[in-house]
Amino acid sequence: MHPLSMLSGDEITAAIAIIRSAHELAEGTLISHVVLDEPSKQYLTDWHDGDPVERVVRVLIIPGPTLELIEARVALHSATVTEWRAVSGMRPALTMHEAANAIFTTKAHPDYIAALAVRGITDIDNVQIDPWPAGVFGYAAEAGRRIARCISFVREFPTDNGYARPIEGLIVHFDLGRNEVIEVIDHGATPLPLRHGRYTADAHEPLRADLKPISITQPDGPSFVVDDNRIDWQKWSLRIGFDPYEGLTLHQVSYAGRSILHRASITEMVVPYGDPGEMHGWKNAFDAGEWGLGRMTQSLQLGCDCLGEIHYFDATLASEHGNPWVINNAICMHEEDYGILWKHVDLMTGLGEVRRSRRLVISFISTVGNYEYGFFWYLYLDGTIQHEVKLTGIMSVGALAPGVAAGDYGVEVAVGVYAPVHQHLFCSRLDFDIDGISNRVYEVEAEVVAPGHGNPWSNAFRMRKSLLESELGALRQTNSATSRAWKIENDNVHNGLGQPVAYKLIPTMSTPTMLAQPGSSVARRAGFARHNLWVTPFAADERRGAGEYPNQHDGGDGLPLWTAADRPLVDADVVVWYCFGVTHFPRPEDWPVMPVEYTGFLLQPSGFFDRNPALDVPPSNASHCHD
Ligand code: NI
């Protein structure tokens, strides 16, 4: 076992047993999470293969319906509870157990049944209730409780797409901890849209018949080697982990034995809606901190989600009753051909050289309510790392009465179906260790030189490089006009040309920041989304961009709070937080299920090597190339 091995079911069982032997847990206590307390860099440096491993886990306990939580630490090697700390006024992520209760309890409530009856809906079984995180909007129902704001849809039959028929105007405030309806709010009925929104094959006959098969085969097997959670592939080496909130995490990412990233993950995301109306204005889901990208991960299927020679990793989380809960095939890994890596034809000799690019893909897909998010890490032969989010699934919609226009804040995507404008904003956390822990971050971008002496043809431009010295100076936005990027350097280690070794963080496409006003509820709560870049010196408890407890949190936690100290960054153990995403103006083509939309970023070696590190990639076997 390695100190960063993924948590096992036995360890989860042991941790809960150790807690139960030391503390009595009240009837109805729920376990929010059991996660590995990741060892420090010092511990990892001092630890050698074969040494005993001291495993510590963090457990978050929900003792009851009030806003009391317990943060516990359990040392598995000594079978002791080393920390037991009551936290007051905070809410954990919504639990699936309580969300399921909300659906059953709401369906039995007389006010809810009456509101459905007004709309002519009597088939309660086919009503779909989606509990949403409530955010903070000053409703009396929010105070002192853990609540969900529930919206409803109706299906014609159990496997129908309910989102095609939103039950407009109806909102239920539900007390999750106490399993009771607080209030049924009815803003008035709108007729159900008439057309179905099915996306299954049987609803779209005849299907295309002229798509010939594509088979990906690797007769000699894949080129990677897996040992426990360690992956070795083409000079790359890393370990993976799986967190209930972040999903896949990458650890100790190195190339040819040289360290690049200590840890990388997507720590938070928020989906703020731009429609100020009563059905959509409160929608701003934090899908990591309120639901859990890891907890919502679905098992993947060979040949459908992933193509080729696949290695799957299962993920083991804790159920809300403290038992091991295995998501089979949660993480998919495979190699992909990626076109050409490099090529040149010598025009004097006519001789050409070309190499094929290949990437290692490590991914998982999370289904958070109506949306799907695929998170893909790519490692390339030339030392490049890419992160890509694939957004798909179904938009959050409402119903439009016949003859009513969609208005300024959304689009009619099907007859009577209205999709409001919104954003999807992600917050990555990149703990760089470029050839060591001591790193610094520069902003680099094009600078146009004024015409005149030294610039007689007015063509001159150069690269401007500005050191980000402390946290407040490192709150930065992208600028595609100047090709702005950020360089993470180790000033103590130089390449063969005498330049400090570095990686560059490159925004791959235009990426928005939060459009809601800075003083708005969602902008305060998702402070991370106000800037594309934040840099902090490493602190073990600074884990997720919106802080530890974003659910119904008033705001101000996370990156804005930590960086207010304006800590120095030069030659520190820097952590880079890159926030990126999309502003989604819905289209009819996004209905009833969205073709994948992409966003992400690149990490590219920039002086990390002395020359193209992929010159030693062999030419392809000639039998695979045809004139
Ligand atoms: Ni969207």
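In listed order, ligands and their atoms are each counted from 1.
If you look at H424 and ask which of its N, O or S atoms sits nearest the Ni ion (ligand 1), the answer is NE2. Note on H584: its N/O/S atom closest to the Ni ion (ligand 1) is ND1.
Under the ring-ring contact (aromatic ring centres under 6.0 Å, His included) rule, H424 has a single partner from Y598, F580, Y371, which is Y371.
When rounded to 10 degrees, the angle formed at the Ni ion (ligand 1) by OH (Y371) and NE2 (H422) equals 90°.
Under the 6.0 Å cut-off for aromatic ring centres, H387 and F376 do not qualify, their centroids lying 6.0 Å or more apart.
The number of heavy atoms from other shown groups lying within 6.0 Å of CZ (F104) does not exceed 12.
Here E335 does not pair with R359 in a salt bridge; the nearest charged N to carboxylate O distance is not below 4.0 Å.
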